[in-house]
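Here the structure comes first, spelled out in structure tokens, and everything after it is commentary.
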Amino acid sequence: MLKSMMDNLTETEADVTPQWCVDETQVEEGKEAAEVAWEESSDIDDSSSSDDSDFLRSTQRANITTRRILERNLPFHQSKNTLSIGNHNKSALKKMAWFIYHHDWFHLYLRLPTYASVLIFLSLWTSMILVFAGLYIAIDKSHPGDCGLSFTDDDGSIKYGSAFAFSLETTTTVGYGLPGDSNAFFENCPSVQVCIYFHMVLSMMFNAFLFSFFFARLSRCEQRAIQVIFSDKAIVKREFTKDGICRYKLDVRAYDIDSPHPIVETHVRIYAIKHTPLLMGVSANDEGYHDLKFSPMRVENPNDELGAMLYISAPHIISHHIGMYSPICPPEKKAFAEGGRVPIKSGFVVDSAGFRLRELDSHVETRTGLQCTVCGETYGTYKNLVRHIEQNKRLEANDGVPIIDSHQELNVQKIFKRGESYDRCHSSYGIMDDSNNENAGCYDQFKKHFKECNLEILVIIEGIDPMMSGTFQAMQSYAFEDIVYGGEFAPCMLSDQQEGIAKVDLKRFHKIVR
């Protein structure tokens, strides 16, 4: 039994290593599978223009080389919420096996399949009856004729069949049909009384444990996560604020199918996982070991500063702002920021000091993310920083302040306009004009970056089941081939006038329109 539990905790080297190895054959098969899957897909709305439809389709013709941490192994493009991470070096875990077994055996049993746990407890229960049947035989033999457990026979002791029946009656407390001519209280045989006492104590403890175990099994809230569904695709899109600030967002959609019974305290977390070391062989030593980091991604909607609380009894769009601090922002976007954004290495951006900040907080001036390189004054938006520099240049010129090491050295047009003009027409595949098509060339750097680092985005929704008051997690994985560039999720809510309720059209839940 312990060995079976260890097998659940450990994997052999042959089981682990190939998980992350992608050879040329697998890559080619992945390419073919991607082409076939995309041709059969109907999630992109064909009612849009042919150019837009072709653009969306072209973005999905990806080379599938990503090995997911979270496999999509349920219908409707969903996941079983089981991570593909195992334990290596079985010999080392053997040393911990008994420690784990003695200190956390209850959870080890809970993780066993139901049929296995039922067989184990049935075996233990039967073994207890057999052991006490043997004890009753031994007691009856040691006190021949006194205990009255058997009819008069050659050796004067109870037979094993009768002893088993007596032990079973004691365990199940169904009442005695007493063997032999004994009375109901065994006054002449205190040994039987003592044995029955400990038998009943053990039986009650076993029944109590059995009840708690199966209650824990049946009341697990993990399966509640199956009713929380995610969109098949994630959308990366560009938009402009009223101030003309260009920004990129990552959107996914989630919905709780059991909407009449809302989940309590629902909140969301997002992580970026880069599989580049797994595929490129980058490691810190010759043995191929590396770190696989789950980089947190700040959530814009719902606002993670307010706990990222959301209500998914209706379809809800979850958004991440791909700012300069985002772990999925391409290096080119950080170096040459566009439209109202300042490059992160310009010297005017406040150092994050290792914290995962949100650039949009600076846009609305809830945090001062920009600083003057001359006087150190901090501002939230680049427009206010430009005003500060221009005003101080006029004052310093009027006061005759030397140009060197003053605001007069700063060329605002050169510093703050280069990124805007550069990124508007720059593409990793060349220079192109996107004046007629907003999406042309805007996403090339994202495609290149996501593909090179084999990006996987892990979305986790946590909540409390109101019926059993248990916490559960629903998870979804988005790899390179699961990302659409441009577009929005199609509306999927409709009002049923006859029934007077709102309904969700699940056929449109995954649909993306332009």
Side-chain angles (χ1 to χ4, degrees), residues 238-250 272 295-301 303-306 319-426 428 431 434 442 445-446 449:
R238 185 175 73 162
E239 61 183 18
F240 289 90
T241 64
K242 294 181 180 180
D243 296 332
I245 299 176
C246 174
R247 66 177 195 168
Y248 291 86
K249 293 173 61 178
L250 173 80
S295 301
M297 297 169 57
R298 297 294 301 272
V299 182
E300 174 191 354
N301 181 32
N303 191 348
D304 59 8
E305 289 192 341
L306 301 177
S319 301
H320 164 73
H321 175 219
I322 310 178
M324 64 179 66
Y325 301 109
S326 171
I328 66 173
C329 183
E332 296 86 353
K333 293 293 184 184
K334 295 181 180 180
F336 300 96
E338 60 185 302
R341 299 172 62 239
V342 183
I344 194 170
K345 294 184 179 181
S346 63
F348 292 90
V349 178
V350 176
D351 183 25
S352 65
F355 288 94
R356 190 68 67 188
L357 303 178
R358 293 191 307 185
E359 184 183 342
L360 60 87
D361 291 335
S362 181
H363 291 172
V364 297
E365 297 197 68
T366 57
R367 177 182 60 82
T368 54
L370 300 175
Q371 63 183 0
C372 177
T373 56
V374 176
C375 63
E377 190 75 22
T378 58
Y379 294 89
T381 65
Y382 91 102
K383 289 184 178 180
N384 288 339
L385 179 59
V386 169
R387 293 190 186 103
H388 163 78
I389 295 174
E390 294 291 357
Q391 175 67 12
N392 278 275
K393 288 174 69 173
R394 289 191 292 267
L395 294 175
E396 291 171 354
N398 184 62
D399 295 340
V401 176
I403 295 178
I404 299 176
D405 295 333
S406 71
H407 292 85
Q408 301 173 74
E409 274 191 320
L410 303 179
N411 187 331
V412 174
Q413 295 296 324
K414 182 178 180 181
I415 295 172
F416 297 105
K417 295 298 183 181
R418 179 187 178 189
E420 182 177 355
S421 60
Y422 178 89
D423 201 79
R424 177 170 295 279
C425 60
H426 181 268
S428 59
I431 304 298
D434 66 338
C442 297
Q445 293 158 352
F446 286 97
H449 179 63

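In what follows, residues are counted from 1 in the order of the sequence shown.
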Minimal non-hydrogen separation, [X] against [Y], with atom names:
X      : Y      : answer
Ile328 : His449 : O-CD2, 3.6 Å
Gly369 : Ser362 : N-OG, 3.3 Å
Phe240 : Cys246 : CE2-CB, 3.3 Å
Cys329 : Gly323 : CB-O, 3.3 Å

Study note, to complete from the structure: Taken in chain and number order and not counting sequence neighbours, the residues that satisfy salt bridge (Lys or Arg N to Asp or Glu O under 4.0 Å) with Asp361 are Arg358
So, does [X] use its side chain to make a donor-acceptor pair with the main chain of [Y] at under 3.5 Å?
X      : Y      : answer
His320 : Lys249 : no
Arg356 : Tyr325 : yes
Thr368 : Gly380 : no
Asp399 : Val401 : no
Glu359 : Met324 : yes
Ser406 : Ile403 : yes

Check your understanding: Less than 4.0 Å between a side-chain N and a carboxylate O, is that true for Glu300 and Arg247?
Key ->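 The answer is yes: the pair qualifies as a salt bridge.
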Practice item. Show your reasoning for whether side chain to side chain contact (heavy atoms under 4.5 Å, CB included) applies to Arg394 and Gln391. Key: CA-CA 5 Å; Arg394 289 191 292 267; Gln391 175 67 12; 2.9 Å; yes
Exercise for review: Would you check if Arg298 and Leu360 make a side-chain contact, meaning some heavy-atom pair closer than 4.5 Å?
Suggested key: no
From [X] [atom1] over to [Y] [atom2], what is the distance, rounded to the nearest 0.5 angstrom?
X      : Y      : atom1 : atom2 : value
Ile389 : Arg387 : CD1   : CZ    : 12.5 Å
Leu370 : Leu385 : CG    : CG    : 6.0 Å
Tyr248 : Ile322 : OH    : CD1   : 9.0 Å
Lys393 : Gln408 : NZ    : CD    : 8.0 Å

Review point. Between His407 and His388, how do the two ring planes meet: parallel, tilted or perpendicular, split at 30° and 60°?
Key: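 Because their plane-to-plane angle is over 60°, the rings of His407 and His388 count as perpendicular.
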Check your understanding: Going through the distances and angles, do Asn392 and Glu377 end up as a side chain to side chain contact (heavy atoms under 4.5 Å, CB included)?
Key -> CA-CA 11 Å; Asn392 278 275; Glu377 190 75 22; over 6 Å; no
